[in-house]
K.L.:
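This is the structure, below, for whatever I ask next.
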Protein chains: 2
Amino acid sequence: MPGRKAPESVRRDEILRAAYRVAARDRLGGLTTRAVAAEAGVSVGLLLFHFESKDGLLVDLLDWMLSHTIVAGEMHRRPPAGTPPIAWLLIVVERDLAHLLKQRERVELFYDYWVLGTRHPVIRRLIRRALHRYRDAFRPAAHAIISEHPERYAGLSADDLAGVCAAFIEGCATQTILDPSRFNAERAMATLKALVVPSPSSALSPVPL
Amino acid sequence: MPGRKAPESVRRDEILRAAYRVAARDRLGGLTTRAVAAEAGVSVGLLLFHFESKDGLLVDLLDWMLSHTIVAGEMHRRPPAGTPPIAWLLIVVERDLAHLLKQRERVELFYDYWVLGTRHPVIRRLIRRALHRYRDAFRPAAHAIISEHPERYAGLSADDLAGVCAAFIEGCATQTILDPSRFNAERAMATLKALVVPSPSSALSPVPL
DNA sequence: ATTGACATTGAACACGCGTTCAACGAGGTT
DNA sequence: AACCTCGTTGAACGCGTGTTCAATGTCAAT
């Protein structure tokens, strides 16, 4: 029954929440105007009254997701003073990885959008921004590492190091999503630690097989 | 005009090639029976005569791609004897990364399939197999590293180390695809090298900021 | 009370998709 | 020459989609 009900912002939010529920359940492939309208308990017409098109809904949903759920939280909390920079970076990586793996649903959706972004400029921009923000979480620790050993990282920037961390985590994410039973985050982190922080005794001994 | 023309295998191959051309141009979203038929110069009916359904075509195309193009080549070439295992692994990683970045088209398509695989069991199986084979390329070097310093990698397997390498490369792939102008493979590799192979002098000096 | 703005509805439209199928024609076989 | 097999065609069907729009009801202002 037609009639005024909720102010625009409320309706929009209701519909966005419904859209997210649908997308979390059926992914972007199952996100149709009718499905969202049904989930929100409104008509298709109303959905397109508040969002000018399905495309608009898609973009607004991504925006909403990025600001409401993914990768929020206490990003830049520093470790206790005296922690070696490498250990600090590893802590950040470990925390982020654990956090990511707890949100499979959202990460899968994010990758749906990532693929969509390949063809959709507006969405690509949003995804890029999100990943750059993500990478930035590693910058402080990365910066500390580089300024501790400038000669070791000659020619490299904190961004480069942060990018490598982001790549590692993103790769872990793709592996878990594809094959959750086979990917083991703890072992991956342990491997990374063993690779990056060498046991002091072995650093000077070039042992041929 | 109807009539007999080519033996089954030839027609199938023609159509698969056409399908790949379409997919490389318009991605999986643009891969329709009509588009492929037009590209192959045959009728829609013939396409579904040789492939029982679009789904079958999709699966066969992925199979064809995996065996014909992606990640083939001289995987297991050993480095000169005496190369330290870590250096060997880094060489393999570097080569694979470079190889991957040269095939953006195919990698993008592969990710399309990866997303599809989230919902499509048969495709998921194929993708998993491909990624496991990919990971296996790192195993020999990873094994050498671990057996050189068993105490350093205690509790870890060559698979774990190979998985970390694969994660790094896959993460690099997602970054390039999303943002080719910003991702720099050389700097990423240089960063990885600096992280993993420490300068001997710095290994014993815990320098607080 | 009357009006006007506007949120809301759901039927209808146009389009593209995967799939079906009766008809057709070029071989090989008899 | 007649026949059969089967690769081949393209029109047609059914379905699901995004989008439009005239109609409707509610609320605030007059």
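Lettering follows sequence order; numbering is per chain, from 1.
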K.L.:
Between D:dG10 atom P and B:L47 atom CG, what is the distance in whole Å?
P.N.:
14 Å
K.L.:
To the nearest angstrom, how far is B:F51 atom CZ from C:dT19 atom C1'?
P.N.:
16 Å
K.L.:
So, taking the atom named CZ in B:R124 and the one named CZ in B:R119, what distance separates them when rounded to the nearest 0.5 Å?
P.N.:
9.0 Å
K.L.:
Can you measure B:K54 atom NZ to D:dC15 atom P for me and round it to whole angstrom units?
P.N.:
19 Å
K.L.:
Please report the distance, rounded to the nearest Å, between CZ in B:R12 and P in D:dG7.
P.N.:
12 Å
K.L.:
Assign A:T32 to base, sugar-phosphate, or nothing according to its heavy-atom contacts below 4.0 angstrom with the strands shown.
P.N.:
sugar-phosphate
K.L.:
Rounded to the nearest 0.5 Å, how far does CG of B:L161 lie from CZ of A:R187?
P.N.:
11.5 Å
K.L.:
Is any N or O donor-acceptor pair between the side chain of A:R34 and the base of D:dG16 shorter than 3.5 Å?
P.N.:
no
K.L.:
Let's see if you can work this out: which of C:dA7, D:dT8, C:dT19 has an atom nearest to the side-chain heavy atoms of B:H50?
P.N.:
D:dT8
K.L.:
Can you tell me how far C1' of D:dG7 sits from CD of B:E52, to the nearest Å?
P.N.:
18 Å
K.L.:
Could you tell me how far apart A:F49 (CZ) and D:dA23 (P) are, to the nearest whole angstrom?
P.N.:
18 Å
K.L.:
Between P on C:dG27 and CZ on B:R11, what's the gap in Å once rounded to a whole number?
P.N.:
13 Å
K.L.:
Given atom CG of B:L48 and atom C1' of D:dC6, what is their separation to the nearest angstrom?
P.N.:
17 Å
K.L.:
Going by heavy atoms in the side chains, are A:R12 and A:D60 under 4.5 Å from each other?
P.N.:
yes
K.L.:
With nearest nucleotides of DNA chain D determined for A:G29 and A:G45 from heavy-atom distances, which residue corresponds to the more 5′ nucleotide?
P.N.:
A:G29
K.L.:
Could you please name the option among C:dT19, C:dA7, D:dT19 that lies closest to any side-chain atom of A:S53?
P.N.:
D:dT19
K.L.:
Check this one for me: any side-chain N or O of B:S43 less than 4.0 Å away from OP1 or OP2 of D:dT8?
P.N.:
no
K.L.:
To the nearest 0.5 Å, how far apart are CG in B:D96 and CZ in B:F168?
P.N.:
11.5 Å
K.L.:
For the side chain of B:V44, counting heavy atoms from C-beta on, which of C:dT9, C:dT19, D:dT9 is nearest?
P.N.:
C:dT19
K.L.:
So B:V42, base contact, sugar-phosphate only, or nothing? Heavy-atom distance under 4.0 Å.
P.N.:
sugar-phosphate
K.L.:
CG of B:L109 to CE of B:M65: how many Å apart, nearest 0.5 Å?
P.N.:
4.5 Å
